[in-house]
**Q** 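This structure is in structure tokens; I'll ask about it shortly.
Fair warning: this is a prediction, and the values are worked out from it, not measured in the lab. Just so you know, these numbers use all the heavy atoms, side chains as well, and skip hydrogens, waters and symmetry mates.
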Amino acid sequence: MDLITPLQLSSLEPVGQGAQKLVFRHPDDPRVLVKVVNPRFIERRDRKDRFYQKRRRIGHHRAFAREMIEHLASRALTPGRLAPCPHIQNILGVVDTDLGAALLVEAVLDEDGNLAPTLRDLVESGRHGHRSRQALETFLDWALTSNVLINDLSADNLAWHPDGHFVMIDGLGDRAGIPIRAVSPWLNRLYKRKKIRQLREEIGMEKGPGRSRKAVAVAIAIILALLGLIATQLELLLE
Ligand SMILES: Nc1ncnc2c1ncn2[C@@H]1O[C@H](COP(=O)(O)OP(=O)(O)O)[C@@H](O)[C@H]1O
Ligand SMILES: [Mg+2]
């Protein structure tokens with residue numbers, strides 16, 4: 001594989017796409033994905049935020065920088081071990097492409113060699129069964145107890161490995177200007193607990209506090225309406 005000549009991606013069809021990146025198969029090795037920041041995202045961001053454009057030292061590559069740092073943090077926990085943590089996407093390096101700098105990552109593939117389904121795909125197609133539910137609990141236990149920082153624990157960012165475990169393929173790191181969670185394990189856990197709760201709500205595993213609060217509000221409104229009705233009836237009776 002030639003890692004020095006810039007890759008030509010603009011004529012290829014992306015195999016994956018989220019809010020921020022375009023994901024391509026590496027032309028020389030289908031086990032490798034090439035992630036670039038979507039040029040449309042850059043354009044939109046720059047138009048909206050001139051300050052962002054001028055001041056950010058790492059600019060639009062911040063998402064890559066965050067992923068890299070968490071990748072290294074997880075490796076630091078197990079020095080000397082060759083295989084990276086099974087729960088986060090393996091990063092292979094940074095290369096140049098005709099769409100800008102790109103992150104090379106190991107693809108999570110299904111048994112047929114296609115991109116593995118995400119947790120969202122499993123849920124939406126009714127394939128989120130006993131095995132993947134148990135694997136999700138194992139993943140969430142790891143997410144909570146490990147030192148990694150997480151900012152976007154959405155169902156799109158968890159790929160289902162055919163071995164039966166989930167791999168976080170995006171959403172690692174801290175987006176905050178002052179990254180206090182990196183120095184406070186307590187705050188980090190607190191934040192991750194919230195993210196885990198939100199993920200459970202997203203995939204319908206738990207009633208969200210939002211929904212239960214809404215239910216309480218509706219119940220109070222009904223009780224008040226009933227009390228109002230009784231009061232008017234009493235008034236009519238006493239007249
Ligand atoms: N390592 C990977 N293995 C398998 N699929 C991946 C991998 N990385 C990304 N994808 C696919 O590409 C999509 C978009 O990638 P992602 O890195 O999440 O971009 P974005 O930042 O735009 O959300 C994912 O939802 C997933 O379907
Ligand atoms: Mg994503």
Side-chain angles (χ1 to χ4, degrees), residues 1-75 82-85 87-121 148-162 167-175 177 179:
M1 192 195 294
D2 176 2
L3 290 173
I4 303 213
T5 311
L7 286 172
Q8 298 300 308
L9 298 177
S10 50
S11 56
L12 304 178
E13 208 40 56
V15 286
Q17 185 167 349
Q20 206 173 340
K21 295 181 221 105
L22 292 177
V23 180
F24 297 88
R25 282 268 176 132
H26 194 289
D28 298 334
D29 190 337
R31 298 168 307 169
V32 176
L33 297 178
V34 189
K35 295 192 179 189
V36 294
V37 182
N38 192 335
R40 283 211 205 127
F41 172 83
I42 297 180
E43 212 178 280
R44 259 200 325 267
R45 199 58 182 267
D46 285 352
R47 221 180 309 129
K48 230 170 70 186
D49 196 347
R50 297 250 155 242
F51 178 82
Y52 182 93
Q53 191 187 1
K54 285 204 187 113
R55 305 295 158 113
R56 291 285 182 195
R57 197 164 61 86
I58 308 181
H60 301 289
H61 298 122
R62 277 197 317 150
F64 293 163
R66 283 194 294 260
E67 299 282 331
M68 286 275 220
I69 288 171
E70 294 319 303
H71 176 84
L72 293 173
S74 84
R75 278 180 181 258
L82 282 181
C85 167
H87 287 304
I88 61 175
Q89 145 187 279
N90 189 17
I91 296 182
L92 307 170
V94 177
V95 290
D96 282 314
T97 79
D98 60 344
L99 295 175
L103 206 59
L104 282 190
V105 305
E106 190 177 326
V108 184
L109 302 174
D110 68 11
E111 287 95 345
D112 301 324
N114 299 313
L115 283 202
T118 61
L119 173 60
R120 179 174 309 285
D121 295 328
V148 298
L149 305 178
I150 285 175
N151 66 70
D152 185 2
L153 186 61
S154 81
D156 297 306
N157 290 338
L158 297 181
W160 174 235
H161 194 289
V167 183
M168 192 152 184
I169 43 108
D170 179 30
L172 290 164
D174 193 349
R175 281 174 195 245

**Q** Pairs of donor and acceptor atoms involving the side chains of residues 99-117, under 3.5 Å and at least two apart or interchain, shall be tabulated with distances.
**A**
from: E106; atom 1: OE1; to: N90; atom 2: ND2; distance (Å): 2.9
from: D110; atom 1: OD1; to: D112; atom 2: N; distance (Å): 2.8
from: D110; atom 1: OD1; to: G113; atom 2: N; distance (Å): 3.0
from: D110; atom 1: OD1; to: N114; atom 2: N; distance (Å): 2.9

**Q** What heavy-atom pair brings Q8 and D98 nearest, and what distance separates the two atoms?
**A** OE1-OD2, 3.3 Å

**Q** Could you grab the distance from atom CD1 of I88 to atom CE of M168, nearest 0.5 Å is fine?
**A** 9.5 Å

**Q** Restricting to non-hydrogen atoms, name the atom on E70 and the atom on G173 that form the minimum distance, rounded to 0.1 Å.
**A** CG-N, 3.3 Å

**Q** For residues L33 and Q89, determine if any side-chain heavy atom of one lies less than 4.5 Å from a side-chain heavy atom of the other.
**A** no

**Q** Nearest 0.5 Å, please: how far is CG in N38 from CZ in R44?
**A** 7.0 Å

**Q** Starting at CG of L7, measure out to CG of D28 and round the result to the nearest 0.5 Å.
**A** 7.5 Å

**Q** Would you say that P179 contacts L149 through its side chain, given a criterion of any heavy-atom pair below 4.5 Å between the two side chains?
**A** no

**Q** Nearest 0.5 Å, what's the CZ-CD1 distance between R66 and I150?
**A** 13.0 Å

**Q** Can you tell me how far apart CG (N151) and CZ (R175) are? Round to the nearest 0.5 Å.
**A** 4.5 Å

**Q** Would you please name every residue forming a salt bridge (charged side-chain N to carboxylate O under 4.0 Å, His left out) with D29, sequence neighbours left out?
**A** R31

**Q** Looking only at heavy atoms, what is the nearest atom pair of Q20 and A63, with distance?
**A** NE2-CB, 3.7 Å

**Q** Can you see which heavy atom on K35 is nearest to which on F64, and at what distance?
**A** O-CZ, 3.2 Å

**Q** Once you round to the nearest 0.5 Å, how far does CG of L172 lie from CG of L153?
**A** 9.5 Å

**Q** Are the side chains of D121 and W160 in contact, using a 4.5 Å heavy-atom criterion?
**A** no

**Q** Check V36, V15, T97 against F24 for a side chain to side chain contact (heavy atoms under 4.5 Å, CB included) and give me the one that passes.
**A** V36

**Q** So which heavy atom on T118 is nearest to which on A155, and how close?
**A** CB-O, 3.6 Å

**Q** Looking at H61 and V37, what are the two nearest heavy atoms and their distance?
**A** CD2-CG2, 4.4 Å

**Q** State, with a plain yes or no, whether a side-chain heavy atom of D170 is found less than 4.5 Å away from one of E67.
**A** yes

**Q** With sequence neighbours left out, what residues match D152 under salt bridge (charged side-chain N to carboxylate O under 4.0 Å, His left out)?
**A** none

